[in-house]
**Student:** 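Below is a structure I'd like to ask you about.
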Amino acid sequence: MKKLLTLFLTASVSFTLLSCDPLDKKYDPEKYSKVMEAHADSVSRSAFNRATVENEINDVRNEDFTYQELIEQGKVLQKKEQINKNVAR
């Protein structure tokens with residue numbers, strides 16, 4: 001029984017550690033460049049930058065979001081901009 005419990009706890013801890021994605025952590029203005037450089041591709045970095053600038057313009061705290069949430073916000077903003085460019089043509 002002890003072996004089974006130990007095996008279960010070890011598996012649980014391993015799974016938890018492996019599933020921790022640095023992009024799921026809250027934005028940190030002092031560490032963001034290292035996190036983004038190590039864990040995001042160029043498209044995600046571009047979207048992230050777009051979102052952080054937009055939030056700063058609108059007085060929204062970036063620290064209230066995770067890196068992944070900021071990336072998703074940026075992708076939505078970029079899609080809206082692309083649609084507006086296509087409509088303007």
**Student:** When rounded to the nearest 0.5 angstrom, what is the spacing between CD in E54 and CG in L77?
**Tutor:**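 Interatomic distance, E54 CD to L77 CG, rounded to 0.5 Å: 5.0 Å.
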
**Student:** Identify the heavy atoms of A51 and G74 that sit nearest to each other, and give their distance.
**Tutor:**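 Heavy atoms of A51 and G74 come nearest at CB-N, 3.5 Å.
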
**Student:** With heavy-atom distances below 4.5 Å as the criterion, would you say the side chains of T52 and Q73 are in contact?
**Tutor:**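 No, too far: nothing below the 4.5 Å cut-off.
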
**Student:** Please give me the minimum heavy-atom distance between R45 and E37, naming the atom from each residue.
**Tutor:**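 Reported closest heavy-atom pair: NH1-O, 3.9 Å.
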
**Student:** Is it the case that Q68 and E72 place a side-chain donor and acceptor less than 3.5 Å from each other?
**Tutor:**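 E72 and Q68 do have a side-chain donor-acceptor pair below 3.5 Å.
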
**Student:** Below 4.5 Å, heavy atoms only, C-beta onward: do K25 and K31 meet side chain to side chain?
**Tutor:**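 Counting from C-beta outward, K25 and K31 never come under 4.5 Å.
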
**Student:** Could you walk me through whether D28 and V35 pass the side-chain contact (heavy atoms from CB on, under 4.5 Å) check?
**Tutor:** CA-CA 9 Å; D28 182 343; V35 172; over 6 Å; no

**Student:** For the ring pair Y27 and Y32, is the centre-to-centre distance below 6.0 Å?
**Tutor:**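 Yes, they do, as the ring centres are separated by less than 6.0 Å.
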
**Student:** With no hydrogens and no angle check, just 3.5 Å: does a side-chain donor-acceptor pair link D41 and S44?
**Tutor:**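 Looking only at side-chain atoms, S44 and D41 do form a donor-acceptor pair, the distance falling under 3.5 Å.
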
**Student:** At their closest point, which heavy atom of E63 faces which heavy atom of K26, and how far apart are they?
**Tutor:**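 Answer, listing the atom of E63 first, then K26: O-CD, 3.7 Å.
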
**Student:** Flag the pair M36 / I71 as yes when at least one side-chain heavy-atom distance between them is below 4.5 Å, and no otherwise.
**Tutor:**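 They are in side-chain contact.
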
**Student:** According to a hydrophobic-cluster definition based on side-chain heavy atoms being under 4.5 Å apart (Ile, Leu, Val, Met, Phe, Trp, Tyr only), do Y67 and V60 belong together?
**Tutor:**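 Looking at the clustering, V60 is in the same group as Y67.
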
**Student:** Please check: side-chain N/O of D21 versus main-chain N/O of L23, any donor-acceptor pairing under 3.5 Å?
**Tutor:**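 Confirmed, D21 side chain pairs with L23 backbone.
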
**Student:** Taking salt bridge (Lys or Arg N to Asp or Glu O under 4.0 Å) as the definition, give me every residue that meets it alongside D64, ordered by chain and number, with sequence neighbours left out.
**Tutor:**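 Expected list: R61.
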
